[in-house]
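Here's the structure we're looking at; comments come further down.
Counting from 1, the numbers follow the sequence of the chain as shown. Basis for what follows: all heavy atoms, side chains included, without hydrogens, waters or symmetry-related copies.
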Amino acid sequence: MGQNYIHIQFFKTKFAEFILGSFDGKLCMLDYKYRKMRTTIDNRLKNSFDAQLIEKDDEVLKQTRKQLAEYFDKTRKDFDIPIITAGTDFQKKVWSALQKVPYGATSTYLKLAKDIGCEKAVRAVANANGANSIGIIVPCHRIIGTNGELTGYAGGLPLKKRLLKLENNLFAS
């Protein structure tokens, strides 16, 4: 059987430096190049898809760069890139619920836990949120603490604040 590959590209924006990855014609990674869990995320993707990372461009990655640029330019609120996630069933359930948090809105870890029917699993929901490898599109930055405080974010709290500000800019046309 032939070798499987996850195509990766690096994409630098004024907000952050990203690593993008696609597998089998779907986006599997839109992550921060320098996040603390970089090796953990990469290994989970490689193991889940039985694939190696290879620096190669493709149509999915081109579309991702285009749509991300539009998002940062405030001309795009929704993404229509096919995605594929790699994680446990519980993580996938959390990530699916994350995608229902609308642009410009925030939710909490507790609300997310309730949304998936696991009210007592707030910490596990937070961990799944932190393990998300498709940031922005699976909008983990929209989740805040129950007290309204900004809590952990793979890209760092200053970036989380900037993303929320970008999405909440009431003066945008």
Worksheet item: Distance only, no hydrogens: is a donor on one side chain within 3.5 Å (strictly under) of an acceptor on the other, for Gln91 and Asn132?
Response: no

Fill in: Minimum side-chain heavy-atom gap Ile134-Met29 below 4.5 Å
no

Worksheet, complete the sentence: Those residues at least two apart in sequence (or on a different chain) that pass salt bridge (charged side-chain N to carboxylate O under 4.0 Å, His left out) with Lys66 are Glu70

Worksheet, complete the sentence: For Glu167, the side-chain hydrogen bond (donor to acceptor under 3.5 Å, both in side chains) test, sequence neighbours excluded, returns Tyr71, His141, Arg142

Discussion item. Nearest 0.5 Å, please: how far is OH in Tyr109 from OG1 in Thr146?
Written reply: 9.5 Å

Worksheet item: Quick check: does any side chain N or O of Arg44 sit under 3.5 Å from a backbone N or O of Ala131, one acting as donor and the other as acceptor?
Response: yes

Discussion item. Just to verify, what does Arg162 make a side-chain hydrogen bond (donor to acceptor under 3.5 Å, both in side chains) with, not counting sequence neighbours?
Written reply: none

Worksheet item: Which residues pass the salt bridge (charged side-chain N to carboxylate O under 4.0 Å, His left out) test with Arg38, sequence neighbours left out?
Response: Asp31, Asp42

Worksheet entry | Side-chain touch Leu53/Lys46, heavy atoms, less than 4.5 angstrom | yes

Discussion item. Holding to salt bridge (charged side-chain N to carboxylate O under 4.0 Å, His left out), I want the full list of residues that pass it with Lys92, two or more places apart in sequence or in another chain.
Written reply: none

Discussion item. Is there a continuous path of hydrophobic side-chain contacts, each under 4.5 Å between heavy atoms, that joins Val101 to Phe79?
Written reply: yes

Practice prompt. Output all residues satisfying side-chain contact (heavy atoms from CB on, under 4.5 Å) with Asn127, sequence neighbours left out; order by chain, then residue number.
Written response: Arg123

Worksheet item: Salt-bridged, Lys111 to Asp115, with N to O below 4.0 Å?
Response: yes

Worksheet item: Who pairs with Val60 by side-chain contact (heavy atoms from CB on, under 4.5 Å), at least two apart in sequence or on another chain?
Response: Ser22, Leu27, Asp58, Thr64, Ile81

Discussion item. According to salt bridge (charged side-chain N to carboxylate O under 4.0 Å, His left out), who are the partners of Lys114, at least two apart in sequence or on a separate chain?
Written reply: none

Worksheet, complete the sentence: Applying side-chain contact (heavy atoms from CB on, under 4.5 Å) to Phe90 and not counting sequence neighbours gives Thr88, Val94, Ile116, Cys118, Ala121, Ala124, Val125, Ala128

Discussion item. Show every salt bridge (charged side-chain N to carboxylate O under 4.0 Å, His left out) that has at least one partner inside residues 98-109, sequence neighbours left out.
Written reply: none

Fill in: Set of side-chain hydrogen bond (donor to acceptor under 3.5 Å, both in side chains) partners for Thr40, sequence neighbours left out
none

Worksheet item: Looking at residues at least two apart in the chain, or sitting in another chain, which of them share a side-chain contact (heavy atoms from CB on, under 4.5 Å) with Lys26?
Response: Pro82, Ile84

